[in-house]
Amino acid sequence: MLAIVRPATEDDLPRIVELLQQLSFDDRREDIGPPLPDVYLNAFRQLQADPGQHLLVVEDDGRIVGSVTVIVCPNLSHKGTPWAEVENMIVDDAARGRGHGEALIREAIEIARRAGCYKLTLTSNNKRTDAHRFYERVGFKQTHRGFRISL
């Protein structure tokens with residue numbers, strides 16, 4: 001069966017949070033329950049209410065195997081042209097290498113294009129060297145050095 005990329009629904013939340021835990025280098029980053037804590041549903045509803053945010057999942061044979069958030073940001077620079085960012089990109093460890101990540105990235109690129117964005121960016125943890133190779137393979141170029149403050 002062909003993989004399907006679609007917008008996420010509330011029913012998808014437990015599986016999305018389970019996948020997000022795979023991004024963690026800390027077993028306590030996510031609380032997968034059961035039951036799934038209300039903070040995830042609250043955040044999902046806020047995300048859904050924001051037309052600039054798009055939470056996608058990819059299904060393979062009826063099972064969610066990946067997810068990504070695409071955020072379209074208004075911008076004053078570049079003559080007011082928006083830009084977009086990929087966040088929380090994850091494909092299940094057991095489902096990698098089957099084109100699911102590429103399907104998610106293709107849809108992220110299309111969302112950014114439809115929104116008139118001049119760029120699509122992402123950050124990736126320095127420890128995720130396999131992910132870095134994937135992003136380069138699908139067309140991303142390392143152009144900047146990222147910094148952050150954890151709060």
Side-chain angles (χ1 to χ4, degrees), residues 2-9 12-33 36-37 39-48 50-60 63-78 81-151:
L2 186 61
I4 299 168
V5 176
R6 63 169 176 78
T9 67
D12 300 327
L13 281 176
R15 177 64 176 146
I16 293 169
V17 174
E18 182 182 327
L19 288 168
L20 290 172
Q21 181 57 40
Q22 291 183 21
L23 287 175
S24 178
F25 295 104
D26 173 0
D27 289 340
R28 297 168 302 196
R29 174 176 152 166
E30 306 301 340
D31 182 353
I32 62 175
L36 191 67
V39 294
Y40 293 104
L41 181 57
N42 295 339
F44 176 81
R45 289 178 176 164
Q46 289 176 23
L47 190 146
Q48 291 292 87
D50 182 344
Q53 295 204 43
H54 308 266
L55 177 59
L56 306 173
V57 295
V58 60
E59 284 186 7
D60 187 355
R63 179 163 169 79
I64 295 170
V65 295
S67 181
V68 68
T69 301
V70 182
I71 306 161
V72 176
C73 302
N75 187 30
L76 290 176
S77 181
H78 291 81
T81 306
W83 59 279
E85 182 170 12
V86 166
E87 183 67 18
N88 295 325
M89 170 80 177
I90 183 66
V91 172
D92 192 326
D93 288 337
R96 291 188 183 155
R98 298 182 196 158
H100 303 309
E102 288 184 48
L104 286 169
I105 288 294
R106 277 195 306 273
E107 186 59 27
I109 291 168
E110 284 309 306
I111 288 169
R113 280 192 177 130
R114 285 192 304 266
C117 296
Y118 80 95
K119 71 177 179 178
L120 177 64
T121 67
L122 61 82
T123 61
S124 180
N125 189 296
N126 287 329
K127 298 176 184 176
R128 299 200 174 282
T129 55
D130 289 343
H132 303 165
R133 284 190 293 277
F134 165 76
Y135 292 129
E136 289 172 350
R137 186 171 54 76
V138 297
F140 284 84
K141 306 227 181 312
Q142 185 177 9
T143 62
H144 292 72
R145 187 172 175 184
F147 298 89
R148 83 181 219 180
I149 295 174
S150 293
L151 305 174

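Quick note: residue numbers are just sequence positions, from 1. Quick caveat: nothing in here was measured; it's all calculated off a predicted structure.
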Near Asn42 CG, under 6.0 Å, is it more than 12 heavy atoms from other residues, nucleotides or ligands?
-> yes
Is the number of heavy atoms from other residues, nucleotides or ligands under 6.0 Å of Arg29 CZ greater than 12?
-> yes
Side chain to side chain contact (heavy atoms under 4.5 Å, CB included) evaluation trace for Met89 with Tyr135 | CA-CA 11 Å; Met89 170 80 177; Tyr135 292 129; 3.2 Å; yes
Shortest non-hydrogen contact from [X] toward [Y]:
X	Y	result
Val57	Pro7	CG2-O, 4.5 Å
Ala95	His100	O-CD2, 3.3 Å
Ala84	Val70	CB-CG1, 4.4 Å

Quick one: pull up [atom1] in [X] and [atom2] in [Y] and give me the separation to the nearest 0.5 Å.
X	Y	atom1	atom2	value
Leu23	Glu30	CG	CD	8.0 Å
Leu120	Ile71	CG	CD1	10.5 Å
Leu41	Leu36	CG	CG	8.0 Å
Arg98	Asp60	CZ	CG	6.5 Å
His144	Thr123	NE2	OG1	13.0 Å

Salt-bridge criterion met for Glu18 and Arg15 (N-O under 4.0 Å) | yes
With sequence neighbours excluded, what pairs up with Asn75 under the side chain to side chain contact (heavy atoms under 4.5 Å, CB included) test?
-> Ser77, His78, Trp83, Tyr118
Do [X] and [Y] have side-chain heavy atoms sitting under 4.5 Å apart?
X	Y	result
Glu110	Arg106	no
Ile111	Glu107	yes
Asp31	Val39	no
Ile16	Phe44	no
Arg6	Ile64	yes

Sequence neighbours left out, what passes side-chain hydrogen bond (donor to acceptor under 3.5 Å, both in side chains) with [X]? Give chain and number order.
X	answer
Thr69	none
Asp50	Gln53
Glu85	none
Arg148	Ser150

Under 3.5 Å donor-acceptor, Gln22 side chain and Asp93 backbone | yes
Sequence neighbours left out, what passes ring-ring contact (aromatic ring centres under 6.0 Å, His included) with His132? Give chain and number order.
-> none
Test Leu56 against Leu104 for side chain to side chain contact (heavy atoms under 4.5 Å, CB included), laying out the working first.
-> CA-CA 7 Å; Leu56 306 173; Leu104 286 169; 4.3 Å; yes
CA sep, side-chain torsions, deciding dist, call: Asn88, Ser67, side chain to side chain contact (heavy atoms under 4.5 Å, CB included) = CA-CA 7 Å; Asn88 295 325; Ser67 181; over 6 Å; no
Please test Arg133 against Glu136 for salt bridge (Lys or Arg N to Asp or Glu O under 4.0 Å), starting from the C-alpha separation and ending with a verdict.
-> CA-CA 5 Å; Arg133 284 190 293 277; Glu136 289 172 350; over 6 Å; no
Given Val72 and His54, is the side chain to side chain contact (heavy atoms under 4.5 Å, CB included) satisfied, shown in steps?
-> CA-CA 8 Å; Val72 176; His54 308 266; 4.2 Å; yes
